[in-house]
Structure formats: C-alpha cells, structure tokens
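Scroll down for the structure; my scribbles are underneath it.
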Amino acid sequence: MSHEEPDDLLRALRDLPSPDVDAARAARVGRHARAAFVESATPAPILVRLGVVTGRAVMPVVLASIIGVYLVWALSAATALVR
C-alpha cells in the first residue's frame, strides 16, 4: 500500500454529499447516541453477571457429561455386538 491510497479514499469521502440535518434532529440523534454510550458503560446487574458466570461454568460440564454418556453407550453397544 502506498501513502497516497488513504488520501485518495479520504478525499473521496469528503467529496460525498452530506445530508442537511436540522438542529432538532441533530440534538435527538446526539441524545440517543449519548444514552447508548452510557448504557453500554454501566455495569450489568448482579443477577445478570451471576447468570453469565454460571452459564459459562455449567456449559462445559453439560457437554462433557453428554459426551461421557455417549461414549459409555457406544462402548456397551460395541461389546454387545462382539459377544
């Protein structure tokens, strides 16, 4: 990549027409953007965090149990076929 490519892209981006936005709409969009930012920065309630941690701990145990049951079934079926 050369150094001229980003400048060409920036120049093309600057040349795009910008929409005319009235002050009320710009303020509304700004309020929504700030509210989304504040919501994303606030920590989740303790029950939500506890559920996420529990889910992360339980999922591998459940999967390992299912695999263990399947292996026991497969081995018992294989030994029954051999007999």
Side-chain angles (χ1 to χ4, degrees):
M1 272 185 145
S2 68
H3 293 288
E4 294 154 4
E5 289 179 18
D7 293 338
D8 293 338
L9 291 175
L10 288 175
R11 189 176 308 109
L13 184 61
R14 283 189 206 113
D15 292 341
L16 290 174
S18 62
D20 294 328
V21 180
D22 58 343
R25 184 172 180 161
R28 188 173 65 242
V29 169
R31 282 194 310 271
H32 284 285
R34 271 192 239 56
F37 175 74
V38 168
E39 183 180 344
S40 70
T42 56
I46 188 70
L47 289 177
V48 172
R49 286 185 283 167
L50 185 62
V52 169
V53 170
T54 303
R56 287 184 183 169
V58 168
M59 184 62 71
V61 172
V62 169
L63 288 175
S65 300
I66 291 171
I67 291 169
V69 169
Y70 173 74
L71 287 176
V72 167
W73 173 82
L75 288 175
S76 64
T79 55
L81 287 175
V82 170
R83 289 184 187 176

Under 4.5 Å side-chain linkage, directly or through intermediates, the cluster mates of L13: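 Besides L13, the hydrophobic cluster comprises L16, listed by chain and residue number.
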
What residues join V38 in its hydrophobic cluster, counting side-chain heavy atom gaps under 4.5 Å, either direct or through other members?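 Members other than V38 - counting any ILVMFWY side chain reachable under 4.5 Å - there are none.
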
Residues two or more places apart in sequence or in another chain: which of them pass side-chain contact (heavy atoms from CB on, under 4.5 Å) with [X]?
X	result
A80	none
T54	L50, V58
D22	A24, R25
V53	none

Ignoring hydrogens, what is the shortest heavy-atom contact between R56 and P60? Give both atom names and the distance.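 Taking R56 first and P60 second, the nearest heavy atoms are O-CD, 3.1 Å.
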
To the nearest 0.5 Å, what is the distance between CZ on R31 and CZ on R28?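 That separation rounds to 7.5 Å.
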
4.5 Å side-chain heavy-atom contact, S65 and V61: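 Side-chain contact under 4.5 Å: yes.
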
If we only count heavy atoms from C-beta on, is the V52 to R49 side-chain gap below 4.5 Å?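 They are not in side-chain contact.
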
